[in-house]
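What follows is a short report on a single structure.
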Number of protein chains: 2
Amino acid sequence: MESNDAVRRLSALAQDSRLAVFRLLVRAGPEGMAAGDIARGLGLAPNTLSAQLTVLANAGLIRSRRDGRSIVYAADYDAMSALLVFLMDDCCQGRPEVCAPVADLTARIACCEQPRGALS
Amino acid sequence: MESNDAVRRLSALAQDSRLAVFRLLVRAGPEGMAAGDIARGLGLAPNTLSAQLTVLANAGLIRSRRDGRSIVYAADYDAMSALLVFLMDDCCQGRPEVCAPVADLTARIACCEQPRGALS
DNA sequence: CCAACAATTCCACGATACTGGAAATATGGA
DNA sequence: TCCATATTTCCAGTATCGTGGAATTGTTGG
């Protein structure tokens, strides 16, 4: 991943409404949400939301597909992962203790792995 | 972590020079680097860099301490971890396959864990 | 074809951010 | 104390961004 792309993605997320949109889509999962539902859910004007969605899409953080009259947006998990790695790459060259806080929390992100859980 | 803080941190990182500074400090480790060395390393004017460092510090992403005539800056790994978790929280409620790309890459971030490595 | 609905594009205003010159503050050494 | 070094603060000019009203495109159903 290039630095320019990282800045574009970070800029896209560095705004109240867009961050809320992205986190909503992260929670919504791969099926995504229609633009109208996002607007209603977050209380945003349709045209304003449209501009924000364009920014997120240009950054590669979300994808869109048409479904009837609606356009459905979904988070791009691969793009987000690439950004996270870019940010923390080489965070500790040979010294495990440095990245410990990051490593600990990645376990929380990987919520569904449940390595010790008995679920499913 | 609050949404306002997340936006502040993302905004701080959403700029060429500041992103370069932060990544440089991530690589520099907990000992950090003097402001002058950062400026020379990245080819930035001292006053411009100072403004950028202030933004990163206000966002909580870096910390500073005085060492003689220099002021030494270091990345705050805990703050960064909190941001990463905030971004991807609840990324997959009960469906492990959704977060797989993220979970895979967290292994790359946790570079020093080397669970299968024989080093040290 | 026409009307209703969903979303986007166009446009302009107000606010915010990045940059660099010049001056100011703080530290260390003679 | 005086000077050089290291960094910050002040200030203003330029550029960019977020927002919302109005008009436009695309889709569905009668």
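What's counted below: heavy atoms across the whole structure, side chains too, no hydrogens, waters or symmetry copies. Model, not experiment: these values are computed from the prediction. Order of the sequence lines sets the chain letters (A, B, ...), proteins ahead of strands, with each chain counted from 1.
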Gap separating the CG atom of B:L84 from the CG atom of A:L84, nearest 0.5 angstrom: 5.5 Å
Separation of A:D78 CG from A:R63 CZ (nearest 0.5 Å): 8.0 Å
Exam field: side chain A:S50 to backbone A:P46, donor-acceptor pair closer than 3.5 Å: no
Whether A:R18 side chain and A:A12 backbone form a donor-acceptor pair below 3.5 Å: yes
N or O in side chain of [X] less than 4.0 angstrom from [N] OP1/OP2:
{"X": "A:Y73", "N": "C:dA6", "result": "no"}
{"X": "B:R69", "N": "D:dT7", "result": "no"}
{"X": "A:R66", "N": "D:dG26", "result": "no"}
{"X": "B:Q52", "N": "C:dT19", "result": "yes"}

Check: B:F86 and B:R9 side chains under 4.5 Å, non-hydrogen atoms: no
Residue pair B:L13 / B:L83, side-chain heavy-atom distance below 4.5 Å: yes
At 4.0 Å (heavy atoms only), tell me whether [X] reaches a base, stays on the sugar-phosphate, or touches nothing.
{"X": "B:A39", "answer": "nothing"}
{"X": "A:A35", "answer": "sugar-phosphate"}
{"X": "B:S70", "answer": "sugar-phosphate"}
{"X": "B:R18", "answer": "sugar-phosphate"}

Whole angstrom is fine here: how far is it from [atom1] in [X] over to [atom2] in [N]?
{"X": "A:I71", "N": "D:dT25", "atom1": "CD1", "atom2": "P", "answer": "15 Å"}
{"X": "B:L53", "N": "C:dA17", "atom1": "CG", "atom2": "C1'", "answer": "17 Å"}
{"X": "B:M33", "N": "D:dT7", "atom1": "CE", "atom2": "P", "answer": "11 Å"}
{"X": "A:Q15", "N": "D:dT16", "atom1": "CD", "atom2": "P", "answer": "18 Å"}
{"X": "A:I38", "N": "C:dT8", "atom1": "CD1", "atom2": "C1'", "answer": "14 Å"}
{"X": "A:N47", "N": "C:dT9", "atom1": "CG", "atom2": "P", "answer": "12 Å"}
{"X": "B:L13", "N": "C:dA17", "atom1": "CG", "atom2": "P", "answer": "15 Å"}
{"X": "A:L44", "N": "D:dG20", "atom1": "CG", "atom2": "P", "answer": "9 Å"}

Closest non-hydrogen atom pair between A:R66 and A:I71, with its separation: NH2-CD1, 3.9 Å
Proximity to the side chain of B:P46 - top-ranked nucleotide from C:dG20, D:dT7, C:dT8: D:dT7
Between the first and last five pairs of the helix from C:dC1-D:dG30 to C:dA30-D:dT1, the angle of the axes, rounded to 10 degrees: 30°
